[in-house]
Amino acid sequence: MDVSRPEYVPDPSLSRDEMEALQREIADVALFEDGFAFDPSAIEFDSPVDLGDDDQHRLTGDGPIVAGVDQAFLDDGDRALSAVVALQDGRVVDRAYAVVDTEIPYIPGLLSFREGGAILAALSNLAVEPDLLVVDGSGRIHFREAGLATHIGVTVDVPAIGVAKNLLCGTPAEPIPDRMAEGDRIPIEADERVETAEPGTVIGHAVQTRQYQSGSTSINPLYVSPGHRVSAVTTADLVSQCAAGYKLPEPTRLADRKADRLKREGGEA
DNA sequence: GCGACAG
DNA sequence: ATCTTGTCGC
């Protein structure tokens with residue numbers, strides 16, 4: 001698949017102010033409501049998916065194509081590896097990856113300018129056209145409502161959602177308990193730190209995709225938010241539906257695995 | 001100055 | 001993200 005809006009491709013050479021200005025533009029054109037044609041209830045994972053062997057040609061089926069995206073960094077620290085795994089009807093239908101030189105360090109709030117290039121390069125190597133992108137990181141849960149998932153979703157103009165393991169900003173509608181039950185969700189509302197939204201606006205959810213039945217240890221929830229063309233509630237629904245026994249939703253879990261595998265097998269020299 | 005911060 | 005073995009608990 002290719003870039004739909006070249007003007008939004010993340011440029012690491014921009015100044016911090018220019019990056020923030022671009023994010024405000026992106027948040028302005030992003031759609032934080034459902035704006036897709038596929039049937040969200042058609043996306044379900046009853047059991048974990050197998051990654052399978054490399055580069056096998058697979059036939060595509062009928063259901064929506066969901067692509068998970070994740071990054072890893074090569075040992076030289078100067079290159080980012082982005083892996084994409086496309087799933088349909090509970091099976092892998094395509095995979096792609098790309099290795100891109102890292103231009104800037106990690107800066108909270110500007111993650112897309114560090115990893116965005118690698119992601120777009122990986123997506124350009126994907127043969128199928130995803131109906132939904134599941135990106136590791138925040139979407140609307142961001143200082144300017146333009147996190148990694150939003151930036152990527154708007155740039156390729158494909159429905160996208162963000163899945164993060166930690167909360168970047170915003171405030172839970174109610175305190176996150178020490179232990180949330182599987183399936184539970186708590187709204188995340190915009191606070192003073194989200195400079196582009198009115199405080200109280202629901203910008204995402206804490207979602208518990210997996211939890212131990214009992215015991216002293218518990219699994220923390222995921223923090224999911226709309227990227228583009230998906231509402232906050234639908235985002236939480238989709239993440240829950242993509243879970244298959246693991247904390248991470250299948251698309252992201254497989255992309256994670258793929259990135260790690262490529263990192264070790266691939267050139268890190 | 002202090003706090004807070006995805007990957 | 002990444003550095004990293006064993007180990008506590010289901």
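Sequence lines set the chain letters: A, B, ... in the order given, protein chains first and strands last, and positions in each chain run from 1.
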Practice item. Measure from CG on A/L148 to P on C/dA1 and round the result to the nearest Å. Key: 12 Å

Review point. Are a donor atom and an acceptor atom from the side chains of A/T102 and A/D78 found within less than 3.5 Å of each other?
Key: no

Review point. Starting at CZ of A/R79 and ending at C1' of C/dT2, how long is that distance when rounded to a whole Å?
Key: 16 Å

Practice item. Just call it for A/L81: base, sugar-phosphate, or nothing, with non-hydrogen atoms closer than 4.0 Å on any strand. Key: nothing

Check your understanding: For A/N166 and B/dC5, is the shortest distance between a side-chain N/O and OP1 or OP2 below 4.0 Å?
Key -> no

Review point. Quick one: which of C/dG9, B/dA6, B/dA4 gets closest to the side chain of A/R193?
Key: B/dA4

Review point. At under 4.0 Å between heavy atoms, what does A/A80 touch on the DNA or RNA strands: base, sugar-phosphate, or nothing?
Key: nothing

Review point. Going by ring centres under 5.5 Å and near-parallel planes (under 30°), is A/Y106 stacked on B/dG7?
Key: yes

**Study point:** Contact nearer the 5' end of DNA chain C, comparing A/D256 with A/Q213
**Key:** A/D256

Check your understanding: Taking atom CZ of A/F36 as the centre, does the number of heavy atoms from other residues, nucleotides or ligands within less than 6.0 Å exceed 12?
Key -> yes

Check your understanding: Rounded to whole angstroms, how far apart are CG on A/L167 and P on B/dC5?
Key -> 8 Å

Review point. Base, sugar-phosphate, or nothing for A/F73, non-hydrogen atoms under 4.0 angstrom?
Key: sugar-phosphate

Review point. How long is the line joining CZ of A/R144 and P of B/dA6, in whole Å?
Key: 14 Å

Check your understanding: How many Å lie between NE2 on A/H142 and P on B/dC5, as a whole number?
Key -> 14 Å

Exercise for review: Nearest whole angstrom, please: distance from the P of C/dC10 to the CD1 of A/I219.
Suggested key: 13 Å

**Study point:** Residues A/E115 and A/Q71: side-chain donor-acceptor under 3.5 angstrom
**Key:** yes

Practice item. Look at A/K263 and C/dA1 and indicate whether a side-chain polar atom (N or O) is within less than 4.0 Å of OP1 or OP2. Key: no

Review point. Taking the side chain of A/S138 as heavy atoms from C-beta outward, which of B/dG7, B/dA4, B/dA6 is closest to it?
Key: B/dA6

**Study point:** Side chains of A/E25 and A/Y8 in contact at under 4.5 Å (non-hydrogen atoms)
**Key:** yes

Review point. Nearest-Å distance, CZ (A/F143) to C1' (B/dC5)?
Key: 5 Å

Revision key, fill the gap. To the nearest angstrom, the CG-P distance between A/L168 and B/dG3 comes to 19 Å

Practice item. Quick one: label A/G162 by what it contacts on the DNA or RNA (base, sugar-phosphate, nothing), any heavy atom closer than 4.0 Å. Key: nothing

Check your understanding: Can you tell me if CG on A/D39 sees more than 12 non-hydrogen neighbours from other groups inside 6.0 Å?
Key -> yes

